[in-house]
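Encoded as structure tokens, the structure appears first; notes follow it.
Read the numbers this way: they start at 1 and go in the same order the structure lists the ligands and their atoms.
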Amino acid sequence: MEILGIDIGGSGIKGAPVNIVRGTLTHDRLRIPTPSHGRPSDVADVVRILADAFEWNGPIGLTMPGRVKQGVMHTAANIDDRWIGVDASALFTRATGCAATVLNDADAAGVAEMAFGAGRQAKGIILMLTFGTGIGSALFVDGTLVPNTELGHLELQSGTAEGYAAASVRKREKLSWRSWARRVQEYLAHVEFLFAPDLIIVGGGVSRPKKVPKFMPHLTTSARLVPAQLQNEAGIIGAACAARPVPVEEESKTA
Ligand code: BGC
């Protein structure tokens with residue numbers, strides 16, 4: 001079954017139809033820069049353009065960089081504040097005429113890694129952390145997602161963890177990979193103290209095979225520590241998986 005996955009980030013909005021059984025894109029992905037300020041109506045216009053480009057009229061899964069509950073945005077750390085309180089699912093459904101499901105971007109990446117990537121068959125407490133503009137987190141307990149954990153906003157060094165150890169901070173402060181890894185190490189120690197995960201999956205741009213040797217060998221954790229496998233595509237694939245329509249018999253069980 002194919003579902004359109006769209007990953008909405010601070011700099012780009014990327015989408016492609018996904019085969020949700022295989023976890024693969026069925027067309028090349030399209031990327032449109034996020035409109036400046038990332039206002040809800042402007043982002044919705046881009047989502048419509050992407051859906052039209054794929055002549056889409058089925059379900060759509062979308063990610064947002066914030067806490068999303070029943071489709072409504074509760075926080076907006078790296079995107080316009082006007083998103084707070086917006087029913088993003090309703091907005092994108094209206095914009096595209098397609099049923100839209102919205103979830104947090106790191107949660108989506110985690111869903112994809114658990115199904116098709118570094119978390120396949122992993123048991124226990126699994127934590128996916130994405131290092132990019134901010135730090136995203138997705139926590140799984142025996143395969144079940146505990147959504148919206150937002151562990152990038154934990155307090156660290158009298159600020160937020162993402163203000164100290166996100167990948168963007170390495171570039172902004174011109175840190176060497178080794179100095180940045182020291183910060184990531186502090187963050188991981190804190191997170192391990194709180195959750196004692198069995199496996200930590202490191203995602204975001206830094207999980208690309210070229211980048212991994214620059215910092216991962218400097219990290220020591222009690223948990224097994226592995227790079228994500230799906231990299232750029234994790235958000236799109238996870239969003240599409242999250243939008244899988246509930247079969248009628250499952251729906252009647254929960255009614
Ligand atoms: C946001 C999270 C998001 C993460 C990665 C954080 O600033 O609060 O919701 O998952 O950035 O984009």
What is the ring orientation for W83 with F92, classed by angle as parallel under 30°, tilted 30 to 60°, or perpendicular over 60°?
tilted
Sub-3.5 Å pairs, protein N or O with ligand 1 N or O:
from: ligand 1; atom 1: 7 (O); to: N78; atom 2: ND2; distance (Å): 2.9
from: ligand 1; atom 1: 7 (O); to: H153; atom 2: NE2; distance (Å): 3.4
from: ligand 1; atom 1: 7 (O); to: E162; atom 2: OE1; distance (Å): 2.8
from: ligand 1; atom 1: 7 (O); to: E162; atom 2: OE2; distance (Å): 3.0
from: ligand 1; atom 1: 8 (O); to: E150; atom 2: OE1; distance (Å): 2.6
from: ligand 1; atom 1: 8 (O); to: H153; atom 2: NE2; distance (Å): 2.7
from: ligand 1; atom 1: 9 (O); to: G66; atom 2: N; distance (Å): 3.0
from: ligand 1; atom 1: 9 (O); to: N104; atom 2: ND2; distance (Å): 2.9
from: ligand 1; atom 1: 9 (O); to: E150; atom 2: OE1; distance (Å): 3.2
from: ligand 1; atom 1: 9 (O); to: E150; atom 2: OE2; distance (Å): 2.6
from: ligand 1; atom 1: 10 (O); to: N104; atom 2: ND2; distance (Å): 3.2
from: ligand 1; atom 1: 10 (O); to: D105; atom 2: OD1; distance (Å): 2.4
from: ligand 1; atom 1: 12 (O); to: D105; atom 2: OD2; distance (Å): 2.6

In chain order, what residues pass the ring-ring contact (aromatic ring centres under 6.0 Å, His included) check against W56, with sequence neighbours excluded?
none
Do E186 and Y164 pair up side chain to side chain, a donor and an acceptor below 3.5 Å, judged on atom types alone?
yes
Run the side-chain hydrogen bond (donor to acceptor under 3.5 Å, both in side chains) test on N19 and T26 for me, step by step, so that the C-alpha distance in whole Å, both residues' side-chain angles and the decisive distance to 0.1 Å come before the verdict.
CA-CA 6 Å; N19 176 323; T26 58; over 6 Å; no
Does the pair E173/R183 count as a salt bridge with the N-to-O cut at 4.0 Å?
yes
Expected output: side-chain E192 to main-chain S222 donor-acceptor under 3.5 Å:
yes
